[in-house]
**Q** 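Here it is, the structure, as structure tokens.
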There are 2 protein chains.
Amino acid sequence: MEHKTASPAESVEGEKEIRTAGLDARVGRIVRQTLADQVYADLKEILLAGRAAPGERFTLRGLASAIGTSAMPVREAVSRLVAENALEVLPNRAVRVPLMPRARFEELRLIRCSLEGLATVAAVRAASAGEVAEVEHFERLFAAEREKAEPDGAVAMRHNKDLHFALYRAAHLPTLFQMIEALWLQIGPVLNLDFRAGPDRVRQGEAHIRHAAIVAALRIRDPEAARTALVADIWSAGDFILSRGILPD
Amino acid sequence: MEHKTASPAESVEGEKEIRTAGLDARVGRIVRQTLADQVYADLKEILLAGRAAPGERFTLRGLASAIGTSAMPVREAVSRLVAENALEVLPNRAVRVPLMPRARFEELRLIRCSLEGLATVAAVRAASAGEVAEVEHFERLFAAEREKAEPDGAVAMRHNKDLHFALYRAAHLPTLFQMIEALWLQIGPVLNLDFRAGPDRVRQGEAHIRHAAIVAALRIRDPEAARTALVADIWSAGDFILSRGILPD
DNA sequence: GTCTGCTATGTGTGATCACAGATAACAGAT
DNA sequence: ATCTGTTATCTGTGATCACACATAGCAGAC
């Protein structure tokens, strides 16, 4: 192999925080971003976007050399994701995206309804006008993609994610948001199998109806209507995946 | 310092798995337990038992030498707990138990009601006779401790935890259980401030009433009654802590 | 006394090395 | 051809070293 390009010994590690007496508060807080944080964010993005299939394996060193760092930051990022059930390391010393048996999928769906329902109720109550507009924006994007002659599943999936996350962010409950994100990390790999299923998946789905109902309820500040629509959205998407019979066990 | 006792270089690392042709399946699966796993479990236990106060700081090397390993396993364990919000590493390079502002505490209480309520409903539906008995067992232990002349807060707290966890385990939803455990890791440090508040805390609290109601509902398989009692338990315990006005912000 | 600048120590982070064990490829025997 | 024992390679895990930076302690100037 003899891979030696781009020596990892650069040690960018952290920005210098500049503090000059006099404009103390003027300078924006520079948040420390470790390499492990970056790798963590990258892996999260891959999982959320459904660019990793359940059961897919990889190695620490492989990832490390692909990113251009040593194995160390990858180790830390992976161990965080393992703690969140987004990855798993088998007793055989092998890292992989966890499988998704039906039972686990149904459990996750149940938890999602509970937690995302809670976030939706809170968001309807707490969302600012700007945040409502943001949700509406993504709802339009999703609907527009659906009405295209040849809708792109991956694009629709991204708009779907943005819509949901904009809603949950508007709840202003950071811990709840993080837990929901952890849930999406787990279902991400199978969402892959959903929206990319066929070109008609987006068209024939009822997601756009639920989304419209959510936005409508958000606009008139009706928490329970929003929750009902959201749960229907989650449930029907789950039904579609379950009905395809591709989940093991 | 020159700390050199108990050289960490022993590398116990993993048990040998013995496979003899013929009694293949007879031998129990030996689950791999890395050092990092052990440290992780230890830290979890400390947090769950409320033996760490919010804001308390520590160092990787300090913990490592206390346990007798290198810093490496501690690093991994800590990074997992950081991912779960059970610990945090400040931009100043300092690891500590996160603070608990009122807003975060109230958010956690809300999430707990949702998730633990869900687990309770599932448990009432799915619990075996043995699991019901186990819950009843811990309920009796808690009640007994309360009726003592001088109840021990720490002991009562442990029985309280065992009661709740026995209930949630009976739901047979492993992911949900793990998420609830992650929640308790976060509230553990302040539960410390609760049950250890005064000798009368256990006596004057209404926890035993709620617990009895939960067990009764479990016995007659009434999910909603159980959930209502559980939510009341969580909420009133939270009210007590909030009323003491010791949480910052 | 109060403040400023410097130094020393200790921290988390990243890289590198060492090791046990798992996997796969292959040789030989049946 | 199928199985078995062996070897070679690669994996995650743990230990150790190196480094940038934060903090605390102290000395010096006003």
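Letters go in sequence order (proteins before strands), and every chain restarts at 1.
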**Q** Write down the distance between CZ (B/Arg96) and C1' (D/dA22), rounded to a whole number of angstrom.
**A**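 In whole Å, D/dA22 C1' lies 15 Å from B/Arg96 CZ.
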**Q** Could you state the CG-P distance from B/Leu87 to C/dT11, rounded to the nearest angstrom?
**A**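 After rounding, the gap between these two atoms is 16 Å.
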**Q** What pairs with B/Ala127 under side-chain contact (heavy atoms from CB on, under 4.5 Å), at least two apart in sequence or on another chain?
**A**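 B/Ala127: side-chain contact (heavy atoms from CB on, under 4.5 Å) contacts with B/Glu131, B/Val132, B/Ala170, B/Leu218, B/Arg221.
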**Q** Between D/dG14 and B/Arg75, counting only base atoms on the nucleotide and side-chain atoms on the residue, is there a donor-acceptor pair under 3.5 Å?
**A**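 When only heavy-atom distances are counted, B/Arg75 does not reach the base of D/dG14 through any donor-acceptor pair under 3.5 Å.
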**Q** Are the side chain of B/Gln186 and the backbone N or O of B/Leu108 linked by a donor-acceptor pair below 3.5 Å?
**A**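 Not confirmed, B/Gln186 side chain does not pair with B/Leu108 backbone.
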**Q** Nearest whole angstrom, please: distance from the P of D/dT11 to the CG of A/Leu63.
**A**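 Distance, rounded to whole Å: 11 Å.
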**Q** Does B/Met72 or B/Phe58 map to a spot on DNA chain C nearer the 5' end, using the closest nucleotide for each?
**A**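 First, find each residue's nearest nucleotide; the 5'-ward one identifies B/Phe58.
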**Q** Without decimals, in angstroms, what is the distance between A/Leu60 CG and D/dG14 P?
**A**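 Rounding to the nearest Å, CG of A/Leu60 and P of D/dG14 are 12 Å apart.
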**Q** Without decimals, in angstroms, what is the distance between A/Asp37 CG and C/dG12 P?
**A**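 After rounding, the gap between these two atoms is 15 Å.
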**Q** Map A/Val89 and B/Ala71 onto DNA chain D by nearest heavy atom, then report which one ends up closer to the 5' terminus.
**A**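 The answer here is A/Val89.
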**Q** Grab the two heavy atoms, one from A/Val190 and one from A/Pro54, that are nearest each other, plus how far apart they are.
**A**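 Answer, listing the atom of A/Val190 first, then A/Pro54: CG1-CG, 4.0 Å.
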**Q** For A/Arg93 and C/dA24, what is the distance between atoms CZ and P respectively, to the nearest whole Å?
**A**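 After rounding, the reported distance stands at 15 Å.
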**Q** Using atom CZ of B/Arg61 as one end and atom P of C/dT13 as the other, report the distance to the nearest whole Å.
**A**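 For the pair B/Arg61 CZ and C/dT13 P, the rounded distance is 11 Å.
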**Q** Going by side-chain contact (heavy atoms from CB on, under 4.5 Å), name the residues that satisfy it together with A/Arg96, two or more places apart in sequence or in a different chain.
**A**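 For A/Arg96 the side-chain contact (heavy atoms from CB on, under 4.5 Å) partners, ignoring immediate neighbours, are A/Arg57, A/Glu88, A/Leu90, A/Leu99.
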**Q** Specify the separation, in whole Å, of atom CZ of B/Arg57 and atom P of D/dA24.
**A**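 In whole Å, D/dA24 P lies 8 Å from B/Arg57 CZ.
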